[in-house]
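These numbers come from the heavy atoms of this one structure, side chains and all, not from hydrogens, waters or symmetry mates. Below, read A as the first sequence line, B as the second, and so on, with proteins coming before strands; counting in each chain starts at 1. Note that the structure is predicted; figures quoted are calculated from it, not measured.
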There are 2 protein chains.
Amino acid sequence: MTNQHQLQLDRVFHALGDPTRRAVVRRLGQGPASVGELARPHKMALPSFMQHLAALEKCGLVRSRKVGRVRTYRLQPKPLKAAEKWMVEQRALWERRLDRLDDYLLQMKESET
Amino acid sequence: MTNQHQLQLDRVFHALGDPTRRAVVRRLGQGPASVGELARPHKMALPSFMQHLAALEKCGLVRSRKVGRVRTYRLQPKPLKAAEKWMVEQRALWERRLDRLDDYLLQMKESET
DNA sequence: TCCATACTTAGGCATATGACTAACCAACAC
DNA sequence: GTGTTGGTTAGTCATATGCCTAAGTATGGA
């Protein structure tokens, strides 16, 4: 695990730690959308909302392209997968340990007889 | 999805958005540990480190119990699973959409002939 | 050309975060 | 009971975050 990846994970998790930004990720799961479309459901000044978009783009969860005066955002799968991977790995380790613990306790129980 | 759950997710993701706290989670995956044990690998004043533990406990990722003068922390699986679930769901939606898109493009291609 | 649309930039402000030191308890261990 | 260990509280400080308003830019349409 390189430092770069660590920093990336930091940013991704931090980005997801906000309901507005998670809502944006959910929305973009349905397909690309413009700044205006994304902002509409959130009662928040546009510049404030754009900071959230910037955070999402900075951590790579999202990409944008401007055509004419419209900027369109789309979801980017890799960072989400990386974060998911981290959690799945953690859980795997944790569960493996509990399995070993079960074995151990089982052996204890058997050796009682 | 209740507001409570939202808030919980906010806190969990935020908690994971810090390398020190992720390291603690990884460490606790191996089994419970005391404050001192957890703190040792991190060159940071103890009170600073304890703030991280507090953050982890506040979002439910971790629980602690004090016996004598030693406080022992253990991992708590539920919130981690909740966060993982959110991500898996997101990815599922996103991939389903891409599948439909593939179908669509495929149909376009077929109708060309 | 003139106006509306769709963002963008600049700047300000309150609160939250993350780190520190210093001083403080509460159990052991002698 | 005196000192040591393990943790806790209190208080300070710098920076980051998240929101706002006001003003600016650039595109597209009439």
[atom1] of [X] versus [atom2] of [N]: gap in Å, rounded?
| X | N | atom1 | atom2 | value |
| --- | --- | --- | --- | --- |
| A:Tyr73 | C:dC7 | OH | C1' | 10 Å |
| A:Met50 | C:dC7 | CE | C1' | 6 Å |
| A:Glu57 | C:dC7 | CD | P | 13 Å |
| B:Arg71 | D:dT9 | CZ | C1' | 13 Å |

Item to complete: Calculate, to the nearest 0.5 Å, the distance between atoms CD and CG belonging to B:Gln76 and B:Leu28 respectively.
Response: 10.5 Å
Practice prompt. State, without any angle test, whether B:Arg22 and A:Gln90 hold a side-chain donor-acceptor pair at a distance under 3.5 Å.
Written response: no
Is a side-chain N or O of [X] found less than 3.5 angstrom from the main chain of [Y], in a donor-acceptor match?
| X | Y | result |
| --- | --- | --- |
| B:Arg71 | B:Val35 | no |
| A:Glu57 | A:Ser64 | yes |
| B:Arg11 | B:Leu61 | no |

Item to complete: Would you give a per-nucleotide map of nucleotides 16-23 of chain D, 5' to 3', where B means the base has a protein non-hydrogen atom under 4.0 Å away, S means only the sugar-phosphate does, and - means neither?
Response: --BBBBB-
Worksheet item: Would a 4.5 Å heavy-atom cut-off, applied to side chains only, mark A:Trp86 and A:His5 as touching?
Response: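 Side-chain contact under 4.5 Å: no.
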Discussion item. From the set C:dC7, C:dT8, D:dG7, return the single nucleotide nearest to any side-chain atom of B:Lys66.
Written reply: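 Out of C:dC7, C:dT8, D:dG7, the nucleotide with an atom closest to B:Lys66's side chain is D:dG7.
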Worksheet item: Which nucleotide in the set C:dC7, C:dT5, C:dC28 lies at the smallest distance from any side-chain heavy atom of B:Arg69?
Response: C:dC28
